[in-house]
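Quick notes on the structure that follows.
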Amino acid sequence: MSFTPLHDRVLVRRIEGDETTSGGLLIPDTAKVKPQEGEIVSVGAGANDEDGVRIPMGVKAGDRILFGKWSGTEIKLDGEDLMIMKESDILGVMA
């Protein structure tokens, strides 16, 4: 199934963190913190300003991003856990 977010929203796949500590200890699922890093799967066309002119998106599919802890809405699409969030929830793009 293909999915395209509307306006200034992006579809994000979380990038999972390490399963072990730097010392080699295994981190149990109950102690893991959800990662705040992800890869953009698809982007909307962009928002419109007050004059109706489209504002282009500053990110594109494939960009690796950082986002806030409480950003976005979690969804399940084709059995995969993804997130939809506004472009303004993105803190930055990783080079």
Side-chain angles (χ1 to χ4, degrees):
M1 169 189 278
S2 72
F3 178 85
T4 303
L6 295 177
H7 308 295
D8 64 338
R9 289 179 176 80
V10 295
L11 185 65
V12 177
R13 176 183 302 117
R14 282 188 194 265
I15 296 174
E16 294 300 322
D18 293 334
E19 302 255 334
T20 58
T21 65
S22 59
L25 297 174
L26 184 64
I27 302 171
D29 288 337
T30 55
K32 287 183 185 173
V33 176
K34 288 188 178 182
Q36 294 173 269
E37 184 177 336
E39 178 185 358
I40 296 180
V41 176
S42 64
V43 298
N48 293 330
D49 67 10
E50 295 173 2
D51 299 325
V53 177
R54 179 131 326 177
I55 302 168
M57 298 288 280
V59 294
K60 62 187 180 310
D63 283 351
R64 199 170 172 145
I65 61 166
L66 293 176
F67 50 87
K69 191 174 212 168
W70 308 109
S71 299
T73 301
E74 295 182 359
I75 63 166
K76 190 172 276 266
L77 193 62
D78 288 340
E80 185 176 12
D81 291 327
L82 301 168
M83 294 179 62
I84 297 175
M85 67 181 66
K86 288 191 160 229
E87 184 182 27
S88 60
D89 289 338
I90 297 173
L91 302 175
V93 178
M94 299 177 69

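What you see is a predicted model, and the numbers here were worked out from it, not measured in a lab.
- For residues 82-95, the salt bridge (charged side-chain N to carboxylate O under 4.0 Å, His left out) pairs, not counting sequence neighbours, are Asp8-Lys86.
- Applying salt bridge (Lys or Arg N to Asp or Glu O under 4.0 Å) to Arg14 and the options Glu74, Glu80, Glu39 leaves one that passes, Glu74.
- Shown here are the side chain to side chain donor-acceptor pair (under 3.5 Å) partners of Asp81, two or more places apart in sequence or in another chain: Lys76.
- Both Val43 and Val93 are members of a single hydrophobic cluster when ILVMFWY side chains are connected at heavy-atom separations under 4.5 Å.
- In terms of heavy atoms, Gly38 sits closest to Phe67 at N-CE2, 3.7 Å.
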In residues 45-65, what donor-acceptor pairs under 3.5 Å come from side-chain atoms, sequence neighbours left out?
unit_1: Asn48; atom_1: OD1; unit_2: Arg54; atom_2: NE; d: 3.3
unit_1: Asp49; atom_1: OD1; unit_2: Asp51; atom_2: N; d: 3.0
unit_1: Asp49; atom_1: OD1; unit_2: Gly52; atom_2: N; d: 3.1
unit_1: Asp49; atom_1: OD1; unit_2: Val53; atom_2: N; d: 2.9
unit_1: Lys60; atom_1: NZ; unit_2: Asp63; atom_2: OD1; d: 3.0
unit_1: Asp63; atom_1: OD2; unit_2: Lys60; atom_2: N; d: 3.0
unit_1: Arg64; atom_1: NE; unit_2: Glu37; atom_2: OE2; d: 2.5
unit_1: Arg64; atom_1: NH2; unit_2: Glu37; atom_2: OE2; d: 2.6

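- A distance of 13.0 Å separates CD in Gln36 from CD1 in Ile15, rounded to the nearest 0.5 Å.
- For the side chain to side chain contact (heavy atoms under 4.5 Å, CB included) test, residues two or more places apart in sequence or in another chain that qualify with Val41 are Leu11, Arg13, Leu82.
- Cluster annotation: Leu77 is connected to Ile84 through the hydrophobic network of ILVMFWY side chains, with a link wherever side-chain heavy atoms come within less than 4.5 Å.
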